Participant: 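I am attaching a structure below and will ask some questions about it afterwards.
Chain identifiers are assigned alphabetically (A, B, ...) following the order of the sequence lines, protein sequences preceding nucleic acid strands; residue numbering begins at 1 within each chain. Predicted model, so just to flag it, every value in this text is computed and none were measured.
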Amino acid sequence: MFDTETTGLNPLTAELVGIAFSWEVGKGFYLPFPENKTEAQELIEQLRPFFESESIEKVGQNLKYDIKVLAKYNVEVKGKLFDTMLAHYLINPDMRHNMDVLAETYLNYTPISITELIGKKGKNQLSMRDVPLEKLTEYAVEDADVTLQLKEHFKNELGEANTQKLFDEIEIPLLRVLAAMELEGINLDKDFLNGLSEQLDKDIKALESKIYAEAGEEFNIASPKQLGIILFEKLKLVDKPKKTKSGQYSTAEDVLSYLAKDHEIIKNIIEFRGLSKLKSTYVDALPNQVEEITGRVHTDYMQTVAATGRLSSNNPNLQNIPIRTERGRQVRKAFIPRSEEYTLLAADYSQIELRIIAALSKEETMIEAFKNGEDIHASTASKVFNVPIEEVTREQRSNAKTVNFGIIYGVSAFGLSNQTNLSRAESKELIDTYYATYPKLRSFIHEQVDFARDNGYVQTVLGRRRYLKDINSRNAVVRGAAERNAVNAPIQGSAADIIKIAMINIYNKLQEGNFKTKMLLQVHDELVFDVYKPELENVKTLVKTEMESAFKLEVPLDVDLDTGDNWLEAH
DNA sequence: GCGATCACGTA
DNA sequence: GACGTACGTGATCGAA
């Protein structure tokens, strides 16, 4: 077992301060590293045979971090891996997985906390370098020991939860794939974003003046509190304004959009909000996230956060780059290939969640539609509105699409009527007709809820579990939420399983084939590659084949590919 | 300087 | 009476 101690959380800039080792519960040692880089490199060279040994199993807590740190020292971590954080994620995805919590829960022990060592995060926080060797040794070796003890605990529990395969064949191999993607990073066109920023600034300022004029005074539009008072006390736009749970006036988008058609100020506020969000969160923030060393943006994928099995992305979050609005999609133009010899390839699963629910429910009508390559929303519309598929109107298709997605989340008539132009009664009727059209979908949903009631959990196609402690709650609201989770988690989670398989297989093939092409991003149902142009045709075939054959369902998986000189063109 | 709240971006 | 899943980030604002 090993655990690196470094000068920071960013593996690209972090320097090794030391490494703790433990090979037997209760035993361990700590190897401090010199501050001098040449000397540090000399020391790590002596450990290279250990790290690069195929036969020595490596145990750690969040090994992706250690692997990335060591990669910057040009050391590869080979051999079998056991990550206690990943193990616990499979054992109970809804809990937290940091070592302090795990030690307290499973070993009834409280290790020395990092804040005890270096203080709370902030200006006055020390660097690991500043911690006296004796204290640091105790801390580091304790962590190593605790991790090894946790491993002893978790290796049996994985078997009991039937998730051993998922651990060995998905999460552990994926950790290496994610480390490689994160180290790679993606090229960003800063100049382009600076240009966007100036345009946005002009438009935001213009909207600001209009809003002040309409309000009759200047105030902070970005403050929901001040905005609420202007709209609902000064201008009295509605009789009974909706409040948030803390008693403020709600100025949320869905509340404001009701008022937009009658009030120019509301339209301007909605636009102001959209543009401000775009500017602050993306256009201005992204250039600051470019790493100096590489000149690229390196996200950090969280492998143990989403309870369903999905990844999440942060610093920066590259899984929520705008696409829906014309203004927003411009941001995607800033994500570009590494050089002129490269092009971006985006590959996304078409309707993967609907295909999964069709296959798992064995709903033949829907399966057939997918097998025939039909537009699934048009096909649904044609059936529920009882018109030939070529006569489906835009509105019918749109409503069918809303129901199709809603089904995956456990939508109610209320929710549907809120999302569409349909009344409550019309929504109810549509849902009833929908279930009459796809009867096995309804029984599938009930089976999931029943399974959860009987077993306390639901699972994905690969046996990834989500425990639902509230499934038998007497509180109908709480129980309803658990029931929706019982339906959604296997669907969303199975899609996550499938793309993870594809990522591992694609990564391995690109490695084996010595491709210059690199996988860069994952956005739940999409993978983005930086493709060396001479490899394009091979890579396209490889990616499509691996993604479509990652998991065999009764429904074909379909992947759309596109390339371009930026992420917008490629999508 | 922190955490809660609100709002809003994605699949 | 509430009322569709899963996330992360930025701005504000009140309490330290």
Participant: Using a cut-off of 6.0 Å, state whether more than 12 heavy atoms not belonging to A/E292 lie near its atom CD.
Facilitator: no
Participant: Side chain of A/S312, heavy atoms from C-beta onward: which of B/dC6, B/dT10, C/dG8 has the nearest atom to it?
Facilitator: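 For A/S312, the side-chain atoms sit closest to C/dG8.
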Participant: Any salt bridge between A/K518 and A/D530, counting N to O under 4.0 Å?
Facilitator: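 Salt bridge: no.
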Participant: Side-chain N or O of A/S223 less than 4.0 angstrom from OP1 or OP2 on C/dA11?
Facilitator: no
Participant: Reckon A/Q226 touches a base, only the sugar-phosphate, or nothing at all at heavy-atom distances under 4.0 Å?
Facilitator: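 Sugar-phosphate contact only - A/Q226 comes under 4.0 Å of backbone atoms but never of a base.
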Participant: If we call it a pair only when both distances are under 3.5 Å in a Watson-Crick or G-U wobble match, what pairs with B/dC2?
Facilitator: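 Partner of B/dC2: C/dG14.
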Participant: Give the nucleotide from the list B/dA7, B/dT10, C/dT5 with an atom nearest to the side chain of A/P322.
Facilitator: B/dT10
Participant: C/dG1 and B/dA7: how far apart are their C1' atoms, nearest whole angstrom?
Facilitator: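 Looking at atom C1' only, C/dG1 and B/dA7 are 25 Å apart.
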Participant: Rounding to a whole Å, what distance do you find between A/I356:CD1 and B/dA11:P?
Facilitator: 16 Å
Participant: Just compare B/dT10, C/dT9, C/dG14 and give me whichever is closest to any side-chain atom of A/K277.
Facilitator: C/dT9
Participant: Please report the distance, rounded to the nearest Å, between CE in A/M302 and C1' in C/dT9.
Facilitator: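 A/M302 atom CE is separated from C/dT9 atom C1' by 14 Å.
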Participant: Tell me whether the OP1 or OP2 atom of B/dA11 has a side-chain N or O from A/R310 closer than 4.0 Å.
Facilitator: no
Participant: Looking at C/dA6, I'd like to know if its phosphate oxygens (OP1 or OP2) sit under 4.0 Å from a side-chain N or O belonging to A/N320.
Facilitator: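 No, no such contact exists.
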Participant: Let me know the distance between CG of A/L527 and P of B/dT10, rounded to the nearest Å.
Facilitator: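 Taking atom P of B/dT10 as the reference, CG of A/L527 is at 19 Å.
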Participant: Answer with base, sugar-phosphate or nothing: what part of the nucleic acid does A/E253 contact at a heavy-atom distance below 4.0 Å?
Facilitator: sugar-phosphate
Participant: State, yes or no, whether a side-chain contact exists between A/Q522 and A/M503 at a heavy-atom distance under 4.5 Å.
Facilitator: yes
Participant: So does A/E548 pair up with A/K544, basic N to acidic O under 4.0 Å?
Facilitator: yes
Participant: Among all residues two or more places apart in sequence or in another chain, which pass the side-chain hydrogen bond (donor to acceptor under 3.5 Å, both in side chains) test with A/T433?
Facilitator: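 Partners of A/T433 under the side-chain hydrogen bond (donor to acceptor under 3.5 Å, both in side chains) test: none.
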Participant: Counting any heavy atom closer than 4.0 Å, what does A/S276 reach on the DNA or RNA strands: base, sugar-phosphate only, or nothing?
Facilitator: nothing
Participant: When you get a sec, tell me which of C/dA6, C/dC3, B/dA7 is the closest nucleotide to the side chain of A/P224?
Facilitator: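 Looking only at heavy atoms from C-beta outward on A/P224, the closest nucleotide is B/dA7.
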Participant: Closest nucleotide of DNA chain C for A/K225 versus for A/N404: which of these residues is on the 5' side?
Facilitator: A/N404
Participant: Taking only the side-chain heavy atoms of A/V305 (C-beta and beyond), determine which of C/dG8, C/dA6, C/dT9 contains the nearest atom.
Facilitator: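 The answer is C/dG8.
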Participant: Need one value for A/G415: base, sugar-phosphate or nothing, where a base atom within 4.0 Å counts as base even if backbone is also close, heavy atoms only.
Facilitator: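 Sugar-phosphate, backbone atoms only, no base.
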Participant: From B/dC6, C/dG10, B/dG9, pick the nucleotide closest to the side chain of A/A285?
Facilitator: C/dG10
Participant: Using only side-chain N and O atoms of A/S246, determine if any of them is under 4.0 Å from OP1 or OP2 of B/dC6.
Facilitator: yes
Participant: Of all the choices, B/dA11, C/dA2, B/dC8, which nucleotide is nearest to the side chain of A/I323 once you look at every atom?
Facilitator: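 The listed nucleotide nearest to A/I323's side chain is B/dA11.
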Participant: Report the distance from atom CG of A/L568 to atom C1' of B/dT10, rounded to the nearest whole Å.
Facilitator: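 So the two atoms are 15 Å apart, to the nearest Å.
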Participant: Flag the pair A/R296 and A/E291 as a salt bridge only when some basic side-chain nitrogen lies within less than 4.0 angstrom of an acidic carboxylate oxygen.
Facilitator: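 A salt bridge is absent here (no side-chain N lies under 4.0 Å from a carboxylate O).
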Participant: Using a cut-off of 4.0 Å on non-hydrogen atoms, how would the nucleic acid contact of A/S427 be classed: base, sugar-phosphate, or nothing?
Facilitator: nothing
Participant: Considering only heavy atoms and no angle criterion, is a donor-acceptor pair shorter than 3.5 Å present between the side chain of A/N317 and the base of C/dG8?
Facilitator: no
Participant: Using a 4.0 Å heavy-atom cut-off across all strands, classify A/R324 as base, sugar-phosphate, or nothing.
Facilitator: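 Base, at least one base heavy atom under 4.0 Å.
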Participant: Measure CG/A/L286 against P/B/dT10 and give the value in whole Å, please.
Facilitator: 14 Å
Participant: Establish whether the base of B/dT10 is bridged to the side chain of A/Q319 by a donor-acceptor pair shorter than 3.5 Å.
Facilitator: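 Side chain to base: no pair below 3.5 Å.
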Participant: Which nucleotide sits closest to the side chain of A/F414: C/dG8, C/dA6, C/dC3?
Facilitator: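 Taking heavy atoms from C-beta onward, the closest nucleotide is C/dC3.
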Participant: So with a 6.0 Å cut-off around CD of A/E429, is the heavy-atom count from everything else above 12?
Facilitator: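 It does not: A/E429 CD has 12 such atoms or fewer within range.
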Participant: May I ask you to verify if any side-chain N or O of A/Q289 is less than 4.0 angstrom from the OP1 or OP2 atom of C/dT9?
Facilitator: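 Result: no.
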Participant: If the threshold is 4.0 Å, N to carboxylate O, is there a salt bridge linking A/E353 and A/R310?
Facilitator: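 The answer is yes: the pair qualifies as a salt bridge.
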Participant: A/N418 near the nucleic acid: base, sugar-phosphate alone, or nothing, with a heavy-atom cut-off under 4.0 Å?
Facilitator: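 The answer is nothing, as A/N418 stays clear of every strand by at least 4.0 Å.
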Participant: Taking the C1' atom of each, how far is B/dG1 from C/dC7, in whole Å?
Facilitator: 26 Å
Participant: Write down the distance between CD (A/Q522) and C1' (C/dC7), rounded to a whole number of angstrom.
Facilitator: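 It is 12 Å, rounded to the nearest whole Å.
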Participant: Going through the checks in order, is the salt bridge (Lys or Arg N to Asp or Glu O under 4.0 Å) test met by A/D300 and A/K64?
Facilitator: CA-CA 10 Å; A/D300 190 4; A/K64 175 157 71 69; 2.9 Å; yes
Participant: Could you tell me how far apart A/L256 (CG) and B/dC6 (C1') are, to the nearest whole angstrom?
Facilitator: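 Rounded to whole Å, this separation is 12 Å.
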Participant: Which of the following nucleotides, C/dT9, C/dT5, C/dA11, is nearest to the side chain of A/N314?
Facilitator: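 Selected nucleotide: C/dT9.
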Participant: A/Y282 side chain: which of C/dT9, B/dA11, B/dG9 is closest?
Facilitator: B/dG9
Participant: Have a look at A/R484 and say if it touches a base, only the backbone sugar-phosphate, or nothing, with a 4.0 Å heavy-atom cut-off.
Facilitator: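 A/R484: backbone/sugar contact only, no base atoms under 4.0 Å.
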Participant: Under 4.0 Å, counting only non-hydrogen atoms across every strand here, what does A/A495 touch: a base, just sugar-phosphate, or nothing?
Facilitator: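 If one applies the 4.0 Å heavy-atom cut-off, A/A495 turns out to touch nothing in the nucleic acid.
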Participant: For B/dG9, does OP1 or OP2 lie under 4.0 Å from any side-chain N or O of A/T281?
Facilitator: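 No, no such contact exists.
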Participant: What is the distance from CZ of A/F219 to P of C/dA11, rounded to the nearest Å?
Facilitator: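 A/F219 atom CZ is separated from C/dA11 atom P by 18 Å.
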Participant: Please work out if A/N488 contacts a base, only the sugar-phosphate, or nothing of the nucleic acid, heavy-atom cut-off 4.0 Å.
Facilitator: sugar-phosphate
Participant: Report yes if at least one side-chain N or O of A/R466 is closer than 4.0 Å to OP1 or OP2 of C/dA6; otherwise report no.
Facilitator: yes
Participant: Using Watson-Crick or G-U wobble geometry with both distances under 3.5 Å, which nucleotide pairs with B/dG9?
Facilitator: C/dC7
